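Model, not experiment: these values are computed from the prediction.
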Amino acid sequence: MDWRFIEEHDSKWLLQLGKKHHEESDWSKVKFSEDKCKKYIHTATNDPNYFSIVLEKGNERVGFMAGRLLEYPFSLELFARELDLYVVPKHRKGTAGMFMMKKFIDWAKANKALEVVFEPRLSDKHIKKFDAMAKRLGMSHFANAYRRKL
């Protein structure tokens, strides 16, 4: 598998996947906004504090992940927060999700984040697999999130 940061030409594909991701999330009961999704993709593509990647296998895009660096509320120290992680359904049996999570952790370390936080908004159907991946990466589960100190 290969990864790269998202580019403007990925926008149409990301918008389609964003709709699918929304449908599978525990937020699926709220209305999807295409305009908001387009703005999000634009920001994730252009803001250096965003980690936004596409995962490819051969010539096929199989997933994307977005996250960003944030400051703690009362400190200038940084942490990295996952925003979205999505693997195309036919590629979910493999290691695509784990691969992207590792890349995010590496990026967070390189950017001097003190920890990474994942807050999956998954349906019950998908949360068990995410839980297993997070634990394999040494993350602790707290409330509705997973955290790993770096």
Minimum heavy-atom separation for V87 and G97, please, with both atom names. CG2-N, 3.7 Å

Taking all heavy atoms of A80 and all of W107, pick out the closest pair and write down the distance. CB-CZ3, 4.5 Å

Determine, for R68 against E82, whether the closest basic-nitrogen to carboxylate-oxygen distance falls under 4.0 angstrom. no

Under 3.5 Å: donor-acceptor pair, side chain of D47, backbone of N49: yes

Under 4.5 Å between side-chain heavy atoms, hopping through other hydrophobics if needed: is there a path connecting L137 to M1? yes

For the residue pair F5 and Y50, is the inter-centroid distance of their aromatic rings smaller than 6.0 Å? no

Between K135 and D131, does at least one N-O distance fall below 4.0 Å, as a salt bridge requires? yes

Run through E8, H9, Q16 and flag the one making a side chain to side chain contact (heavy atoms under 4.5 Å, CB included) with K12. Q16

Under a 4.5 Å cut-off applied to non-hydrogen side-chain atoms, are F64 and L55 in contact? no

Can you get from F99 to M133 by hopping between Ile, Leu, Val, Met, Phe, Trp and Tyr side chains that sit under 4.5 Å apart? yes

Check this for me: does any side-chain nitrogen of one of K90 and E60 sit under 4.0 Å from a carboxylate oxygen of the other? yes

Ring geometry between H22 and F32 (parallel below 30°, tilted from 30 to 60°, perpendicular above 60°): tilted

Indicate yes or no: does K20 engage E24 in a salt bridge with an N to O separation below 4.0 Å. no

Does a salt bridge link R4 with D10, judged by any charged N lying under 4.0 Å from a carboxylate O? yes

Test log, rule salt bridge (charged side-chain N to carboxylate O under 4.0 Å, His left out), inputs K19 and E34: CA-CA 8 Å; K19 288 177 184 177; E34 189 170 308; 3.1 Å; yes

Measure up the Y72 and F79 rings against each other and bin them: parallel (under 30°), tilted (30 to 60°), perpendicular (over 60°). tilted

